[in-house]
Amino acid sequence: MSDWSCPLPLRDYPRIVLAHGGGGLLSSDLIQHLFLPAFRNPHLETLADSAVLALPPGRIALSTDSFVVRPLFFPGGSIGELAVNGTVNDLAMSGARPLYLTAGFILEEGLPLETLAAVVHRMAAAARAAGVCIITGDTKVVEKGRGDGIYINTAGVGVVPDSIALGPAHVRPGDAVLVSGAIGDHGIAVMSVREGLAFDSPIVSDCAPLHELVPILLETPATVRMLRDPTRGGLAASLQEIAQAAGFSIILDEPAIPIRPEVQGACELLGLDPLHVANEGKLIAIVDAQEAEAALQRLRRHPLAASAAIIGRVAEGRPGMLACKTALGATRIVPRQLGEQLPRIC
């Protein structure tokens, strides 16, 4: 027992220790002096094991997600913003108005409390910006070497109006495919920091909440067939999943896909296909072809969608196939990836 040390150090200890997850005084310190002040709202004030909610009329949307990004901070965001925006966006893609989040923190022993505080305060700011409350949560601590600083698990609750019905069952051949802006920013921003890459023009993550874009699109509900945020696996994986679920294929107009020149250049340098690179602040909309231009113009009203574009269409046959028409007029099949091009990006 010569290397044994007391798991309850001084209460002003600057790093996370196992006792911070043990339910004692150090756990209370984290709650009272960090989590509660940052996330304060009436639901959280009770510090109960669950929150009791009164929800407006409509159908309940429920989502859960886990965030393991490395590094914890990157240009344009952090694991804190990702945890909020990723969950808010999952709810919004069902047509829901996001209302409440839960947050579970898995902390590694030895994590600086300053780092945890920075993540929590960024998370709180993101929640305020998205108009949601973090209403309950949990904290666990794992031994040093058994984690990677911070992992965050979230659940989100929202309400879908009865007039909204979205999903692959509504997709029809001829429908147009819209994207709300340039793709690939998030994955390349994270990779640039992780690998110590420097580019002439800084590449910043697009991490952002999309809850304000959805009502703009849904001003004419019958126009919109379904929505998706192309996170892991990027634009290609999301469209392949939509095509498979809908029972059709999707043909993209490759030159119409918005990609920032610096992201395109980074992908060429790294041997990556930008169609497979993750995004955290973009949405895909499948819309009625006759209303696509009007939907596009509505979408471009919002600063987050100023570069939105119509990038393709739904086609009959070959369920799940994604193809691109190139600038030279050729057609290439976009293969499905076995895994992630860039792991640990969300």
Side-chain angles (χ1 to χ4, degrees), residues 15-16 20-21 27-47 50-51 53 62-92 96-108 111-142 147-158 186 189-190 193 204-212 229 231-232 278-281 304 344-346:
R15 293 181 178 270
I16 291 293
H20 279 113
S27 293
S28 179
D29 277 354
L30 278 184
I31 294 169
Q32 295 293 339
H33 301 300
L34 179 57
F35 295 128
L36 187 56
F39 300 146
R40 190 177 299 277
N41 62 77
H43 296 286
L44 194 60
E45 293 283 354
T46 63
L47 296 179
S50 62
L53 308 175
L62 177 64
S63 178
T64 187
D65 211 339
S66 298
F67 299 86
V68 296
V69 66
R70 180 173 60 86
L72 298 176
F73 301 88
F74 47 83
S78 74
I79 192 172
E81 287 101 331
L82 275 181
V84 172
N85 294 338
T87 309
V88 164
N89 293 346
D90 285 346
L91 293 170
R97 176 163 68 95
L99 296 173
Y100 304 111
L101 303 184
T102 71
F105 293 84
I106 310 298
L107 308 177
E108 184 183 16
L111 175 76
L113 280 170
E114 286 185 4
T115 300
L116 176 59
V119 168
V120 167
H121 287 297
R122 287 187 176 215
M123 196 170 176
R128 289 191 295 271
V132 296
C133 294
I134 296 173
I135 56 172
T136 188
D138 185 47
T139 304
K140 295 293 189 294
V141 180
V142 298
D148 198 5
I150 304 173
Y151 301 146
I152 301 176
N153 174 264
T154 59
V157 177
H186 174 71
V190 173
V193 177
V204 177
S205 171
D206 60 346
C207 181
L210 302 173
H211 64 294
E212 292 181 349
D229 58 330
T231 53
R232 285 182 302 172
N279 313 271
E280 288 292 342
L304 288 177
R344 301 286 300 280
I345 47 77
C346 67

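FYI, side chains are in, hydrogens and waters are out, and symmetry mates aren't considered; it's all heavy atoms of this structure.
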So how far is it from [X] [atom1] to [Y] [atom2], rounded to the nearest 0.5 Å?
X	Y	atom1	atom2	value
R128	M123	CZ	CE	12.5 Å
I106	D148	CD1	CG	13.0 Å
L304	L210	CG	CG	7.0 Å
T87	L82	OG1	CG	9.5 Å
N89	E280	CG	CD	7.5 Å
L113	H20	CG	NE2	5.0 Å

Report yes if some heavy atom in the side chain of [X] is under 4.5 Å from a heavy atom in the side chain of [Y]; otherwise report no.
X	Y	answer
L53	L99	no
I79	P71	no
L72	S78	no
V193	P75	yes
I152	V119	yes
I345	R232	yes
D229	N279	no
L34	H121	yes

Using every non-hydrogen atom in the two residues, find where [X] and [Y] come nearest and quote the distance to one decimal.
X	Y	result
V88	A130	CG2-CB, 4.0 Å
P112	R15	CG-NH1, 3.3 Å
H186	S205	ND1-OG, 2.8 Å
S63	D90	OG-CB, 3.4 Å
A124	A38	CB-O, 3.3 Å

Requested in this report: Tell me, yes or no, whether the heavy-atom count around E45 atom CD, taken from other residues, nucleotides or ligands under 6.0 Å, exceeds 12.
Outcome: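 More than 12 within 6.0 Å, yes.
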
Query raised in the report: Would you find more than 12 non-hydrogen atoms of other residues, nucleotides or ligands less than 6.0 Å from R97 atom CZ?
Result: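 It does not: R97 CZ has 12 such atoms or fewer within range.
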
Query raised in the report: Listed by chain and number, what are the side chain to side chain donor-acceptor pair (under 3.5 Å) partners of Q32, not counting sequence neighbours?
Result: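 For Q32 there are no side chain to side chain donor-acceptor pair (under 3.5 Å) partners, ignoring immediate neighbours.
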
Report task. Using side chain to side chain donor-acceptor pair (under 3.5 Å) as the criterion, list what pairs up with N41, not counting sequence neighbours. Result ->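 Side chain to side chain donor-acceptor pair (under 3.5 Å) list for N41, sorted by chain: empty.
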
Query raised in the report: Aromatic rings Y100 and H43: how do their planes relate, parallel, tilted or perpendicular, breaks at 30° and 60°?
Result: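 Perpendicular: the ring planes of Y100 and H43 meet at over 60°.
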
Donor-acceptor pair, [X] side chain versus [Y] backbone, under 3.5 Å?
X	Y	value
D138	G104	no
N153	D65	yes
T64	T154	yes
T136	A51	no

Report task. Evaluate the side chain to side chain contact (heavy atoms under 4.5 Å, CB included) criterion for residues F105 and L30: first the C-alpha distance (whole Å), next the side-chain angles of each, then the deciding distance (0.1 Å), finally the verdict. Result -> CA-CA 11 Å; F105 293 84; L30 278 184; over 6 Å; no

Report task. Might you work through the side chain to side chain contact (heavy atoms under 4.5 Å, CB included) test for L44 and I134, ending with a clear yes or no? Result -> CA-CA 7 Å; L44 194 60; I134 296 173; 5.5 Å; no

Report task. Run the numbers on F67 and I150 for side chain to side chain contact (heavy atoms under 4.5 Å, CB included), then give the verdict. Result -> CA-CA 9 Å; F67 299 86; I150 304 173; over 6 Å; no

